[in-house]
Amino acid sequence: MSSYLSGLNPPQREAAEHFEGPLLVLAGAGSGKTRVLTSRIAHLIDEYGVDPSAILSLTFTNKAAGEMRERVRTLLGRDPGGMWIGTFHAIGVRMLRRDATRAGWTPGFLIYDADESESLIRRIIRDQLALDPKRWTPRVVRGAISSAKNELVGVQEYTEHALDPFTRTVAQVYERYQRALRDANAFDFDDLLVKPVELLRAHPDVLRRYRERFQFVLVDEYQDTNHAQYVFIKLLAGEHSNLFVVGDDDQSIYGWRGADLRNILDFEKDFAAARLVRLEENYRSTKRILEAANRVIAENTRRKGKTLHTANDAGERLTLVEAADEADEATWIVGEIRARLANDAALGARSFVILYRTNAQSRALEEALRREALPYRIVGGTRFYERREVKDVLAYLRLVANPAADEAFLRIVNVPRRGIGDASVARLAEWATQQGGPLLPAAVRAAEIPGIRGGAERALPVLAEMIEKHAALAGHGVALDEVLRQLVRETGIAQMLRDEGPDGEERLANLEELVAGAADLQARVDAGDPELLAELEEVGGTELRAIDLFLAHVALVADIDQHDPGADAVSLMTLHNAKGLEFPMVFLAGMEEGLFPLSRAYDEPEQLEEERRLFYVGITRAEQKLYLTTARRRRRGAEWLDAVPSSFIESVPGELLETRQTPRVQDRFSGSRPWRSAAISSQPRRRTRLGLEAAPPPVDPGYQVDYADSQDAPRLIKGARVRHPQFGVGTVAELSGAGVDVRATIEFDEVGLKKVVVRYANLQSEWE
DNA sequence: TCAACTGCTCTTTTT
DNA sequence: GAGCAGTTGA
């Protein structure tokens, strides 16, 4: 037996040793799936003599890809040169670089992030279609287009099936949107999955090339694949079907992104003679934590079904904490971390993670950590590449790389302020459209454009020249970091930030970090980094510059990729970001109805199951100790809401739990029954004025109730005719949710089906 | 008339 | 943070 397999348990070994044909590894949380994947790759190469370049390994984060490559390297004692390991998106980019021209793009294409896609869509709705962006929300339209793409529904097919007003409008936007992307030599995020599929489908020679090359295809987190990714995998693994996928249906948490649970549930139907291996032994958590996880997930119906077991100790009971509000919750958590650190020398700040459902929850936690001077790291939230100053400089760089990048031009045309306002930009855009060209070249000729005068007339050509100058620098082999440094200086961004005071200094420091990142990449290019060279070589004879690689890199890295487990700091992140990670001590904050599960998930049983899987993911991050914390009052947006503990907690058997109250809760609510029994066990229901079932706020004498103004909510019943300020008149088709979260699905006469939050929607009766 | 600024709104989760 | 409405100042 090869050394790569020693130490694996029998099912792990069975999976890692597998040679030919499709295999699904149903890997429970903490069952050593990364080990199986890496052992398998090493085994394929060293024991079966497979050429590394015949292996394609697909992941969902760069972090997972990087770790996998690193571990394989360690196992083999050398670099598995030629092997492709990367995210679906990165692999897609690689394929598109090589064959972009076949699709009508050039290899230096740009990648539009969600914001750029949205602003492009907004412009199409407002300027090209002359529609009201309030009525046709760009966000929603983008979502519809994105879903269509993930289902591999192209413009033509979408248009053919667009029957109601909403989809008909989306179809129009979709068509123009794709054209605009093409004109800007850009792909959006979804295109990075869709276009490679189109490429493989439309060009048999390309498909043959990759099929012959990749004899072994591995997919991590298979439960997160959407339809486009499924087809991509199926195309590549077509004939040999040496497809090895690893996943856990219970950890599928990306349904909203198009992930299709059917891919994993139906794997054995989709791939003939597929084998199935279950990894049900957990090496991560204590018995109590695992028991809680098993009980929670058992409530779900759509699953393959497996029960994890562990040889680990029983461990401590789970702790359920009641706090007065989110500040109290944060204070208690931080105090508990302090106490644990003081009592156990084996623990460091890095042993703790605080998980939450929404990014907004990080604020209170952050404040408490800062007050207590505990080092912490937020993973996610406003990510580095989403900071204003970083996006501004990157927009300049995109423009330098590609003069047709209109979105980038619009972002920076007046940043810093140079006297070019909306009116001038509108004239410029109008003129450019007439000429059928992009904005930057039009700016050079500002003097010829009617209506552009004064400051703007002078500033536009200056801006254009400055960008052209840098494009020339980049074209003449000036190092990327140098180009960036000059851009920061000569655009005036540096000065602008310095004038903003201490905040600006911090932003400037971020830009230095960005420049350092560029220097890193430039150094790798100069030193002939083998991985990078291989990538460039794959692309063939095309000329690809460091600037293109850099822009692709910043578009594709996720924040989780930057998570450094070595740093001694408490981690804060969303539950979504926590997948794949493990920590000795885990806090799940904000375990309240409406927050977790999020109220929006009540509409569909399927969505509620996904929230429950998210809870399951959270529980199974913990090695030794799990805390569930709740607050009695929580701010949501501008108002304070009374909170009820999450119904998810009910599935955790009482004997696994100990319940605690923070001092503030004990003070304020002394004598009141434990909350759990009052609020959860009986959870009385009542009829509201809306005619809906809703849980009442917890009743506590002397407790201030700032419940939403339910008196002002209109009386809604199914079938009622209502008027909405934007969408016009419509008929209530469906009501869902409870209390302040009541939502109505309304069939509007003009815009079709829409779902609105009743509290915000400002509905009136048809006659008003 | 245009640019700049101020204050208001909304923000689930992310490759 | 981004869009938008309304206001101020040139």
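Values below: all heavy atoms of this structure, side chains included; hydrogens, waters and symmetry mates excluded. A note on names: the letters A, B, ... follow the listed sequences, proteins ahead of strands, and every chain is numbered from 1.
Distance, Arg142(A) CZ to dG3(C) C1': 16 Å, rounded to whole Å. Between Glu592(A) atom CD and dT12(B) atom C1' there is a gap of 15 Å when expressed in whole angstrom units. Look at CD1 on Ile253(A): it is 9 Å from P on dT14(B), rounded to the nearest Å. Here dT13(B) presents its P atom at 14 Å from CG of Leu355(A), a figure rounded to the nearest Å. Regarding Glu457(A), its CD atom lies at a distance of 12 Å from the P atom of dA3(B), rounded to whole Å. Rounding to whole angstrom units, NZ of residue Lys579(A) and C1' of dT15(B) are separated by 11 Å. Per the geometry, CG belonging to Leu120(A) stands 13 Å off P belonging to dG3(C), to the nearest Å. The nearest whole Å value for the distance from the CG atom in Asp115(A) to the P atom in dG3(C) is 8 Å.
A salt bridge is defined here as a Lys NZ or Arg NE, NH1 or NH2 lying under 4.0 Å from an Asp or Glu carboxylate O, and Arg634(A) with Glu592(A) meets this definition. Looking at Asp260(A) and Arg262(A), a side-chain N of the basic residue comes within less than 4.0 Å of a carboxylate O on the acidic one, giving a salt bridge.
An aromatic stacking contact links Trp256(A) with the base of dT13(B), defined here by ring centres under 5.5 Å apart and ring planes under 30° from parallel.
Considering only side-chain atoms of Arg388(A), the nucleotide from dC4(C), dT13(B), dG1(C) that sits closest is dG1(C). Among the nucleotides dT15(B), dC4(C), dC2(B), the one closest to the side chain of Thr61(A) is dT15(B). Each of dC4(C), dT12(B), dG1(C) was ranked by its minimum atom distance to the side chain of Leu598(A); first place goes to dT12(B). Checking dT13(B), dG1(C), dA2(C) against the side-chain heavy atoms of Lys391(A) singles out dA2(C) as nearest. In the set dA4(B), dT15(B), dT13(B), the nucleotide with an atom closest to the side chain of Asn414(A) is dA4(B). When distances are taken from the side chain of Arg357(A) to each of dG3(C), dT13(B), dA3(B), the shortest belongs to dT13(B). The side chain of Arg507(A) sits closest to dG1(C) out of dA4(B), dT13(B), dG1(C).
Looking at which nucleotide of DNA chain C each of Arg126(A) and Glu389(A) is closest to, the 5′-most match is held by Glu389(A). Between Asp422(A) and Gln607(A), the residue whose closest nucleotide on DNA chain B is further toward the 5' end is Asp422(A). Nearest-nucleotide positions on DNA chain B for Arg427(A) and Tyr254(A) put Arg427(A) closer to the 5' end.
Under 4.0 angstrom from either OP1 or OP2 of dA2(C) there lies no side-chain N or O belonging to Ser119(A). An OP1 or OP2 oxygen of dT15(B) is reached within less than 4.0 angstrom by no side-chain nitrogen or oxygen of Asn150(A). Residue Arg122(A) has a polar side-chain atom (N or O) positioned under 4.0 Å from OP1 or OP2 of dC4(C). Using a 4.0 Å cut-off, some side-chain N or O of Arg600(A) falls inside it from OP1 or OP2 of dT12(B). Side-chain N/O atoms of Arg139(A) include none lying less than 4.0 angstrom from OP1 or OP2 on dT11(B). The phosphate of dT14(B) has OP1 or OP2 within less than 4.0 Å of a side-chain N or O from Asn359(A). Between Arg411(A) and dG3(C) there is no side-chain polar atom (N or O) within less than 4.0 angstrom of OP1 or OP2. In this model, the phosphate group of dT11(B) is not approached by any side-chain N or O of Thr358(A) to a distance below 4.0 Å at OP1 or OP2.
Glu221(A) places no side-chain N or O within 3.5 Å of a backbone atom of Phe60(A) that could act as its donor or acceptor partner.
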**Message:** Applying side chain to side chain contact (heavy atoms under 4.5 Å, CB included) to Phe189(A) and Ser117(A), what does each step give before you reach the verdict?
**Reply:** CA-CA 9 Å; Phe189(A) 248 84; Ser117(A) 299; over 6 Å; no
**Prompt:** His576(A) and Tyr254(A): ring pair (Phe, Tyr, Trp, His ring centres under 6.0 Å), yes or no, with the steps?
**Reply:** CA-CA 9 Å; His576(A) 283 89; Tyr254(A) 285 107; 5.3 Å; yes
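In this structure, a donor-acceptor pair under 3.5 Å is present between the side chains of Glu593(A) and Tyr602(A).
In this structure, Phe187(A) and Phe109(A) have perpendicular ring planes: the angle between them is above 60°, well past the 30° mark.
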